[in-house]
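Keep in mind that what you see is a predicted model, and the values were worked out from it rather than measured. Keep in mind that the numbers below use all heavy atoms, side chains included, and drop hydrogens, waters and symmetry copies.
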Amino acid sequence: MLGLLLLYWIGKYFYKLAEEYNKNKWIFAIIGIVTYYAGIIIFSFAIGIILELVSPGAIDSIDDTLLGVMMLPFGILSCYLLYKYLDKTWEKNLPVDEIDQIGS
């Protein structure tokens, strides 16, 4: 249940960001959620490989729930990085009104 709440908030923030810059809202809400899962998968593989290289067989003793909780910050971090990237990119590409620049 907590996971669904987290997915709701991720989708909501990406939806609002796309709405602010007049982009397709639902597509970017879904992209935000996919980014969360992609970040979890990529970092899970990376940590699994590192653990197996450092201590073979150590990953077998880790509980699945604990591994899921450990990967939560990495999924949120990947969403945050994409959010900031889109925000900065779209902000640079905003059209500037020429009328506002006349007095400057």
Taking only residues two or more places apart in sequence, or in another chain, which ones meet Trp90 in a ring pair (Phe, Tyr, Trp, His ring centres under 6.0 Å)?
Tyr21, Phe28
Member of Tyr36, Phe74, Tyr37 meeting the side chain to side chain contact (heavy atoms under 4.5 Å, CB included) criterion with Cys79:
Tyr36
Point-to-point distance, once rounded to the nearest 0.5 Å, from NZ of Lys16 to CD of Glu20
10.5 Å
Group every Ile, Leu, Val, Met, Phe, Trp and Tyr by side-chain heavy-atom contacts under 4.5 Å, then state whether Tyr80 and Leu7 land in the same group.
no
d(Leu6 CG, Ile33 CD1) to nearest 0.5 Å is 9.5 Å
Measuring from atom CG of Leu86 to atom CG of Leu81, what distance do you get when rounded to the nearest 0.5 angstrom?
11.0 Å
Mark yes when over 12 heavy atoms from residues, nucleotides or ligands other than Asp64 sit less than 6.0 Å from its CG; otherwise mark no.
no
Nearest 0.5 angstrom please: Trp26 CH2 to Ile31 CD1, how far?
13.5 Å
Any side-chain heavy atom of Met71 within less than 4.5 Å of one from Ile47?
yes
About how many Å separate CG of Leu77 and OG1 of Thr35, when rounded to the nearest 0.5 Å?
12.0 Å
With rounding to the nearest 0.5 angstrom, report the CD1 to OG distance, Ile10 to Ser78.
8.0 Å
Check: Tyr85 main-chain N/O paired with Thr89 side-chain donor or acceptor under 3.5 Å
yes
Assigning hydrophobic clusters by single linkage (Ile, Leu, Val, Met, Phe, Trp, Tyr; side-chain heavy-atom cutoff under 4.5 Å), is Val69 placed with Phe43?
no
Are Ile42 and Ile50 connected in the hydrophobic side-chain network, where two residues link if heavy atoms are under 4.5 Å apart?
no
If hydrophobic clusters are built from ILVMFWY residues whose side chains come within less than 4.5 Å, do Ile49 and Ile59 share one?
no
Answer yes or no: is there a donor N or O on one side and an acceptor on the other, between the side chain of Glu19 and the main chain of Lys25, under 3.5 Å?
no
Check for me, please, whether Val34 and Ile76 land in the same ILVMFWY cluster - side-chain distances under 4.5 Å, paths through other members count.
no
Please walk me through it: do Leu72 and Ile40 pass side chain to side chain contact (heavy atoms under 4.5 Å, CB included)?
CA-CA 7 Å; Leu72 187 72; Ile40 286 177; 5.6 Å; no
Sequence-distant partners of Phe14, ring pair (Phe, Tyr, Trp, His ring centres under 6.0 Å), two or more places apart:
Tyr83
Shortest non-hydrogen contact from Ala18 to Asn24?
CB-O, 3.9 Å
